[in-house]
Amino acid sequence: MLRMIDTSMAKLIDGRAIAEKVYVELRREIAELKTRGVTPGLAVLLVGDDPASRAYVRSKDKTCRELGLHSVKVELPASTTQSELLSRVDEFNRDSNIHGILVQSPPPEHIDETAIVRALDPRKDVDGFHPENVAKLVIEDPTGFVPCTPLGVQRLLLESQIEISGANVVVLGRSMIVGKPVALLLMQKNKGGNATVTVVHSRSRDLSHVTRSADIIIAAIGRAQFVKADHVREGAVVIDVGINRVEDPASKRGYRLVGDVAFDEVIKKASAITPVPGGVGPMTIAMLMANTVKAARQFH
Ligand code: NAP
């Protein structure tokens with residue numbers, strides 16, 4: 001899954017190719033579940049009309065259909081109240097054809113997202129944000145759901161034969177969606193874990209000193225091209241989670257997407273690196289599908 005660009009440069013970790021490999025495995029598992037009369041089902045709730053959220057929801061729905069999963073997409077107006085949304089969640093909690101539920105983030109400001117997440121049946125919380133699933137990640141209970149992006153990052157490393165066990169991993173960012181769960185996942189005492197993990201954030205002192213000690217850097221801070229060659233030691237592996245819009249008059253849309261890593265300079269020092277787009281992004285959706293299939297398997 002590693003594509004050589006040229007001999008002086010890092011290997012590019014191809015997230016699209018690795019996601020395809022995940023889909024091949026999932027298709028097999030879905031076919032097996034169908035022979036038992038089970039079609040894994042995912043319900044995605046979107047409140048409001050944020051264009052980026054709409055695009056994510058569309059692509060989740062499309063991937064579900066391509067895999068032969070049961071997909072329900074509910075688009076609600078921005079005026080939807082907390083109690084209306086809670087009653088939609090409750091409907092899906094009780095619907096036996098639905099095994100996974102997610103509420104696309106971010107909802108409009110008047111919605112209390114924490115309360116919505118807590119209202120989900122944790123057995124259907126395929127985003128892995130419910131406190132019960134967070135606890136299961138901490139206590140290493142494999143029946144829990146791990147957030148999709150961290151799972152995707154781990155899978156990219158494993159598929160690229162990058163040694164995680166014993167490696168110094170520096171995670172930039174401590175969000176509940178990426179930074180914290182990826183740190184917990186990679187320090188678990190199991191295959192795919194056993195790393196020595198350091199997490200840095202906006203209050204960290206001498207950040208580049210810390211990142212230069214890393215064998216593996218995972219950048220998830222939401223700052224365009226923040227990680228420069230100076231942050232990276234020769235031969236490190238760099239996983240770029242960031243998705244940031246930067247103005248680009250040359251592009252039809254007027255912007256282009258870049259990661260949290262200054263790709264053009266870091267690729268010259270890294271031994272392997274993910275591109276943006278085409279790195280972590282495709283893996284996030286693949287892991288959502290994997291979590292939905294896992295939820296269905298655990299129900300039946
Ligand atoms: P977030 O909730 O905004 O968290 C950002 C984290 O980065 C915070 O912990 C913050 O520190 C830290 N940070 C911000 N500026 C920093 C700086 N200058 N130096 C050091 N640390 C800094 O972001 P997120 O949801 O984790 O997302 C991070 C990025 O990943 C975004 O670009 C997002 O679009 C992208 N993302 C991509 C995927 C995917 O599928 N590829 C999925 C999810 C997110 P404090 O805690 O101190 O504020």
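Since the structure is predicted, the reported quantities are computational estimates derived from the model, not experimental observations.
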Residue pairs passing the salt bridge (charged side-chain N to carboxylate O under 4.0 Å, His left out) test with at least one member in residues 175-188, sequence neighbours excluded, are none
Over all atoms of both residues, closest heavy-atom pair of [X] and [Y]:
| X | Y | result |
| --- | --- | --- |
| Ala270 | Ala10 | O-CB, 2.9 Å |
| Ala78 | His110 | O-CE1, 2.9 Å |
| Thr63 | Tyr23 | CG2-OH, 3.4 Å |

Approximate separation, where rounding is to 0.5 Å, of [X] [atom1] and [Y] [atom2]:
| X | Y | atom1 | atom2 | value |
| --- | --- | --- | --- | --- |
| Asn194 | Gln188 | CG | CD | 9.5 Å |
| Ser165 | Leu186 | OG | CG | 11.0 Å |
| Thr274 | Lys11 | OG1 | NZ | 15.0 Å |
| Ser87 | Gln82 | OG | CD | 11.0 Å |
| Asp61 | Arg58 | CG | CZ | 10.0 Å |
| Ile218 | Leu172 | CD1 | CG | 9.5 Å |

Could you tell me if the side chain of [Y] sits less than 4.5 Å from the side chain of [X], heavy atoms only?
| X | Y | value |
| --- | --- | --- |
| Val241 | Val276 | no |
| Val232 | Ile217 | yes |
| Met289 | Ile285 | yes |
| Tyr255 | Glu247 | no |
| Val199 | Val182 | no |
| Val74 | Leu46 | no |
| Ser213 | Val170 | yes |
| Pro142 | Asn190 | no |

> Between Thr196 and Val169, does a side chain to side chain contact (heavy atoms under 4.5 Å, CB included) hold up when you go through it step by step?
Replying inline: CA-CA 6 Å; Thr196 305; Val169 174; over 6 Å; no
Side chain of [X], backbone of [Y]: donor and acceptor closer than 3.5 Å?
| X | Y | value |
| --- | --- | --- |
| Asn133 | Pro122 | yes |
| Glu84 | Thr81 | yes |
| Asp127 | Phe129 | no |
| Gln104 | Val44 | no |
| Ser251 | Arg253 | yes |

Tell me whether [Y] is reachable from [X] by hopping between hydrophobic residues (I, L, V, M, F, W, Y) whose side-chain heavy atoms are closer than 4.5 Å.
| X | Y | answer |
| --- | --- | --- |
| Leu102 | Phe92 | no |
| Val22 | Leu185 | yes |
| Leu257 | Val57 | no |
| Tyr56 | Ile177 | no |

The complete set of ring-ring contact (aromatic ring centres under 6.0 Å, His included) pairs with one or both residues in residues 208-235, sequence neighbours excluded, reads Phe226-His231
Report task. Apply side chain to side chain contact (heavy atoms under 4.5 Å, CB included) to Leu157 and Ile216, showing your working. Result -> CA-CA 9 Å; Leu157 293 169; Ile216 301 171; 4.2 Å; yes
TODO: Please determine if Arg54 and Glu75 form a salt bridge, counting it only when a charged side-chain N lies under 4.0 Å from a carboxylate O.
DONE: yes
Under the criterion side chain to side chain contact (heavy atoms under 4.5 Å, CB included), which of [options] is the partner of [X]?
| X | options | answer |
| --- | --- | --- |
| Val258 | Asp240, Asp248, Val246, Ile243 | Val246 |
| Leu42 | Leu69, Ile101, Val126, Leu67 | Val126 |
| Met283 | Glu159, Gln154, Arg16, Arg155 | Arg155 |

Would you sort out whether Glu25 and Arg27 count as a salt bridge (charged side-chain N to carboxylate O under 4.0 Å, His left out), showing the intermediate values?
-> CA-CA 6 Å; Glu25 292 168 11; Arg27 284 200 171 89; over 6 Å; no
Residues 33-47 vs side chain to side chain donor-acceptor pair (under 3.5 Å), sequence neighbours excluded, gives Glu32-Arg36
For residues 275-297, the side chain to side chain donor-acceptor pair (under 3.5 Å) pairs (sequence neighbours left out) are Glu29-Arg297, Thr149-Thr284
Notebook entry, point to check: Side chains of Asp50 and Ser53: do they bring a donor and an acceptor to under 3.5 Å?
Noted result: yes
**Asked** With a 3.5 Å cut-off and no angle check, do the side chains of Ser208 and Asp230 form a donor-acceptor pair?
**Response** no
Is the NZ or CZ atom of Lys124 positioned over Phe299's six-membered ring, under 6.0 angstrom from the centre and within 45° of the axis? yes
Val103 vs Val117, side chain to side chain contact (heavy atoms under 4.5 Å, CB included): CA-CA, chis, key distance, verdict:
CA-CA 8 Å; Val103 181; Val117 168; over 6 Å; no
With sequence neighbours left out, the residues meeting side chain to side chain contact (heavy atoms under 4.5 Å, CB included) with Ala296 are Leu33, Val38, Pro40, His99
The side chain to side chain contact (heavy atoms under 4.5 Å, CB included) partners of Asp215 (sequence neighbours excluded) come to Ala167, Asn168, Arg233
Is it true that, when you exclude Arg212 itself, more than 12 heavy atoms of the residues, nucleotides or ligands shown sit nearer than 6.0 Å to its CZ? yes
For this session: Tell me, yes or no, whether the heavy-atom count around Asp141 atom CG, taken from other residues, nucleotides or ligands under 6.0 Å, exceeds 12.
Result: yes
* Asked: After noting the C-alpha distance and the side-chain angles of Ser105 and Glu113, does the key distance pass the side chain to side chain donor-acceptor pair (under 3.5 Å) rule?
  -> CA-CA 8 Å; Ser105 200; Glu113 197 173 7; 2.7 Å; yes
Requested in this report: Given side chain to side chain contact (heavy atoms under 4.5 Å, CB included), test Gln225 with Val261 step by step and report yes or no.
Outcome: CA-CA 4 Å; Gln225 300 172 321; Val261 176; over 6 Å; no
